[in-house]
Q: 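Supplied in structure tokens, the structure appears directly below.
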2 protein chains.
Amino acid sequence: MTSSLHHRAIENLGTRIISGELPAGHIMLAENLEDELKVSRSVIREAVRVLQSLGLVETTKRVGIRVLPPSRWNPFDPQVIRWRLASKARGAQLRSLAELRSAVEPAAAELAAQNAPAPLRLELVDVAHAMRDSGHRGDVPRFLELDIQFHSLLLSGSGNEMFANLMGQVAETLTGRTVHGLMPDHPHEAALQWHVDVAEAIARGDAGAAREASDKIMRRTMSQMSDTWTEQPRVFIPVHR
Amino acid sequence: MTSSLHHRAIENLGTRIISGELPAGHIMLAENLEDELKVSRSVIREAVRVLQSLGLVETTKRVGIRVLPPSRWNPFDPQVIRWRLASKARGAQLRSLAELRSAVEPAAAELAAQNAPAPLRLELVDVAHAMRDSGHRGDVPRFLELDIQFHSLLLSGSGNEMFANLMGQVAETLTGRTVHGLMPDHPHEAALQWHVDVAEAIARGDAGAAREASDKIMRRTMSQMSDTWTEQPRVFIPVHR
DNA sequence: GAGTTTTGATGTCTGCACACATCGGTGTCA
DNA sequence: TGACACCGATGTGTGCAGACATCAAAACTC
């Protein structure tokens, strides 16, 4: 039921708020939204409740439904991320995700070396080797698939559910990078070897080596991508409570 | 309006699902919930919609409202985190947050050294010095307050809204650590100095030094806290989609 | 066993009563 | 006359009740 009225209402409003079409402070009335989206009150009310829980709007009696500023949005919500990726802030969102990834993956590698279940370690080694093979062959689609699987296994193997939850976002950034032609047909040999190093370090429980090799991958990835988001404005969220 | 029926319904169901009282696969009917919580259908429906967006339940026609397994929950949602902190999984949640912090803060320090606005850098130095003073005086409440402010400024100064969003959770863990008597009256001198080092490195734009000093803080914090969550079971989220 | 019908739950719509923040008018006092 | 406190009118979200639509699971038919 991905196309219920409720879902479409959320999609419509979420997209428009995050795109900036409905700016912070803008006030809507439930009644107007009913007319505009041609749906009933219950649909609008349920949609607004969801947007409220995402920090996109707040409701006040006698005033209406007020759009909240970006600093109030929940930047970790998958829907919010998706909407931002579809907006002008796509570059900034990709940068945020990449920065988060480079922070998290080395830590995940370290944890995976300490905690991952044995079968997962073996699979990680297999995938790393298969990555190297498909990289040498120049099989880009297969490489992408394995790349996603490798990093998913890594995050999953950390045993930290927050890290594991980033799998979806990572897949998104890797796919985006490939689709936008930012990946060469033949990945750098060193990067391929680093993936193998990470997997083998995890397999033998060497946390330090796993982190270090993962860190190399992420630093290379960041330096590769940083060109693409040159001069995306940074937003500094005020610290005050 | 934090005590609306809608809000209370969410709180009731969210707490019971995350505590495990309503296990994964458990099926509820909207009608039964109306009776049980003594509220109307619209309140139940709006609450269920929000829980659905958090990944706690799914609705199926002809079946009802099904509770989803923890692997489907959004582990970054502030409400989910709060509910987990109030459940038996409190230890596991604190560990997850601590692991996330240790991954993110050194990266945030590095970014802050490159991007933070000048006034924030100055404030960071002031706060670090004030921390050292209150630490020497043994003024625990004041130290906690400054500690929270320091780490909030650091995350905010990174200019990454995802990092900045972790401020609230960090405050929670720091407060929890103090409340539970895990903090000595006089923090270790080295840790105090590391905070000053982070601040001064950021102030002069030395990203490497900022990361390194922050990493020292986080490694010490982790080794301090790891005792408290001895043998919390780890959950490995399956990688397959 | 495959195809069809029935059933029962959510999805959607509507009208109504209520709570309550805001605004503007009224009255009081200096 | 002007400033200020009070108070009621107004408008909007919140909550309720009941109806019909929809659609997928389950039961049934062949």
Side-chain angles (χ1 to χ4, degrees), chain A residues 1-17 21-69 72-74 79, chain B residues 1-17 21-69 72-74 79:
Chain A
M1 186 78 61
T2 71
S3 191
S4 62
L5 294 181
H6 166 71
H7 186 84
R8 270 187 283 168
I10 291 181
E11 205 64 26
N12 181 311
L13 293 174
T15 304
R16 286 161 65 192
I17 290 171
E21 180 191 332
L22 302 173
H26 179 79
I27 286 179
M28 303 170 292
L29 269 43
E31 197 183 336
N32 297 353
L33 291 178
E34 294 175 39
D35 297 345
E36 191 182 331
L37 304 184
K38 303 276 189 265
V39 293
S40 70
R41 247 178 314 158
S42 53
V43 172
I44 293 294
R45 283 172 55 164
E46 289 163 24
V48 167
R49 280 282 146 90
V50 171
L51 296 175
Q52 195 176 27
S53 87
L54 302 182
L56 264 58
V57 303
E58 69 181 0
T59 62
T60 315
K61 278 183 183 173
R62 171 77 195 192
V63 174
I65 301 153
R66 181 184 291 114
V67 176
L68 294 175
R72 299 283 298 277
W73 303 345
N74 178 356
Q79 290 191 108
Chain B
M1 187 79 60
T2 70
S3 192
S4 62
L5 293 182
H6 166 71
H7 189 268
R8 270 188 284 169
I10 292 181
E11 204 65 25
N12 181 312
L13 293 173
T15 305
R16 287 162 64 192
I17 290 172
E21 180 191 333
L22 301 173
H26 179 78
I27 287 180
M28 305 170 290
L29 270 44
E31 195 184 336
N32 298 351
L33 291 178
E34 293 176 40
D35 297 345
E36 190 182 331
L37 303 185
K38 302 275 188 278
V39 293
S40 71
R41 183 135 179 244
S42 54
V43 173
I44 293 295
R45 288 185 51 79
E46 287 163 24
V48 167
R49 281 273 143 90
V50 171
L51 296 175
Q52 196 176 27
S53 86
L54 302 182
L56 266 59
V57 302
E58 69 181 358
T59 62
T60 314
K61 279 187 174 176
R62 171 84 193 189
V63 174
I65 301 154
R66 181 183 294 113
V67 176
L68 294 176
R72 300 282 298 275
W73 303 345
N74 179 355
Q79 289 191 109

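So that the names make sense, note that chain A is the first sequence line, chain B the second, and so on, each numbered from 1. Side chains included, hydrogens not; waters and symmetry mates left out as well; all remaining heavy atoms used.
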Q: Rounding to a whole Å, what distance do you find between Ile44(A):CD1 and dT12(D):P?
A: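 Rounded to whole Å, this separation is 16 Å.
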Q: Please tell me which of the listed nucleotides, dT12(C), dA19(C), dT22(C), lies nearest to the side chain of Val63(A)?
A: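 Of all the options, the side chain of Val63(A) is nearest to dT22(C).
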Q: Can you confirm whether Val43(B) sits close enough to Leu37(B) that some side-chain heavy atom of one is under 4.5 Å from a side-chain heavy atom of the other?
A: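 Counting from C-beta outward, Val43(B) and Leu37(B) never come under 4.5 Å.
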Q: Nearest of dT10(D), dT7(C), dT10(C) to any side-chain atom of Arg62(A)?
A: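 Of all the options, the side chain of Arg62(A) is nearest to dT10(D).
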Q: Could you tell me the separation between the CD atom of Glu46(B) and the P atom of dA17(D), rounded to a whole number of Å?
A: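 Result: 15 Å.
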Q: Separation of Ile65(A) atom CD1 from dT12(D) atom C1', in whole Å?
A: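 Rounded to the whole Å, the gap is 10 Å.
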Q: For the residue pair Asn12(A) / Arg16(A), report whether a side-chain donor-acceptor contact shorter than 3.5 Å exists.
A: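 Side chains of Arg16(A) and Asn12(A): pair found under 3.5 Å.
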Q: Whole-Å distance between dG13(D) P and Leu5(B) CG?
A: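 Atom-to-atom, Leu5(B) to dG13(D), this comes out as 18 Å.
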Q: Just so I know, are the side chains of Glu58(B) and Arg72(B) near enough to count as touching, which here means a heavy-atom distance under 4.5 Å?
A: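 Yes, at least one pair of side-chain atoms sits under 4.5 Å.
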Q: Between dG11(C) and Arg41(B), counting only base atoms on the nucleotide and side-chain atoms on the residue, is there a donor-acceptor pair under 3.5 Å?
A: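 Side chain to base: pair found, below 3.5 Å.
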Q: Using a heavy-atom cut-off of under 4.0 Å over every strand shown, decide if Thr59(A) touches base, sugar-phosphate, or nothing.
A: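 Sugar-phosphate contact only - Thr59(A) comes under 4.0 Å of backbone atoms but never of a base.
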Q: Quickly work out the Lys38(B) NZ to dA17(D) P distance and round it to whole Å.
A: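 Taking NZ of Lys38(B) and P of dA17(D), I get 12 Å after rounding.
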Q: Would you indicate whether the side-chain heavy atoms of Arg8(A) and Val39(A) approach each other to under 4.5 Å?
A: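 No, side chains not in contact.
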Q: Among the nucleotides dG13(D), dT10(C), dT12(C), which one has an atom lying closest to any side-chain atom of Leu29(B)?
A: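 Per side-chain heavy atoms of Leu29(B), the pick is dT10(C).
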Q: For Glu31(A) and dC13(C), give me the distance from atom CD to atom C1', rounded to whole Å.
A: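 Roughly 15 Å, once rounded to whole Å.
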Q: Could you check whether the side chain of Lys61(B) and the base of dT22(D) have a donor-acceptor pair of N or O atoms closer than 3.5 Å, going by distance alone?
A: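 Side chain to base: pair present.
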Q: Would you mind reading off the distance between Ile27(B) atom CD1 and dA26(D) atom P, rounded to a whole angstrom?
A: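 So the two atoms are 9 Å apart, to the nearest Å.
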Q: Given dT14(D), dG11(D), dG11(C), which nucleotide is nearest the side-chain atoms of Arg49(A)?
A: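 Ranking dT14(D), dG11(D), dG11(C) by closest atom to the Arg49(A) side chain puts dT14(D) first.
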Q: What nucleotide, of dA17(D), dG13(D), dT12(C), holds the atom closest to the side chain of Ser40(B)?
A: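 Between dA17(D), dG13(D), dT12(C), the one nearest the side chain of Ser40(B) would be dA17(D).
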Q: Taking only the side-chain heavy atoms of Arg45(A) (C-beta and beyond), determine which of dC23(D), dG11(D), dC16(D) contains the nearest atom.
A: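 The answer is dC16(D).
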Q: Given side chains that start at C-beta, do those of Ser42(B) and Arg45(A) come closer than 4.5 Å, heavy atoms only?
A: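 Side-chain contact under 4.5 Å: yes.
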Q: Consider the side chain of Val43(A), meaning its heavy atoms from C-beta on, and name the nucleotide among dC13(C), dG13(D), dG15(D) that approaches it most closely.
A: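 Ranking dC13(C), dG13(D), dG15(D) by closest atom to the Val43(A) side chain puts dC13(C) first.
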Q: Please compare Thr60(A) and Val39(A) by the position of their nearest nucleotide in DNA chain C and report the one closer to 5'.
A: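 So the residue in question is Val39(A).
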Q: Counting side-chain heavy atoms from C-beta on, which of dT10(C), dT12(C), dG15(D) comes nearest to Ser4(B)?
A: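 So the nucleotide nearest the side chain must be dG15(D).
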Q: Separation of Arg66(A) atom CZ from dA21(C) atom C1', in whole Å?
A: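 Computing the Arg66(A):CZ to dA21(C):C1' distance gives 12 Å.
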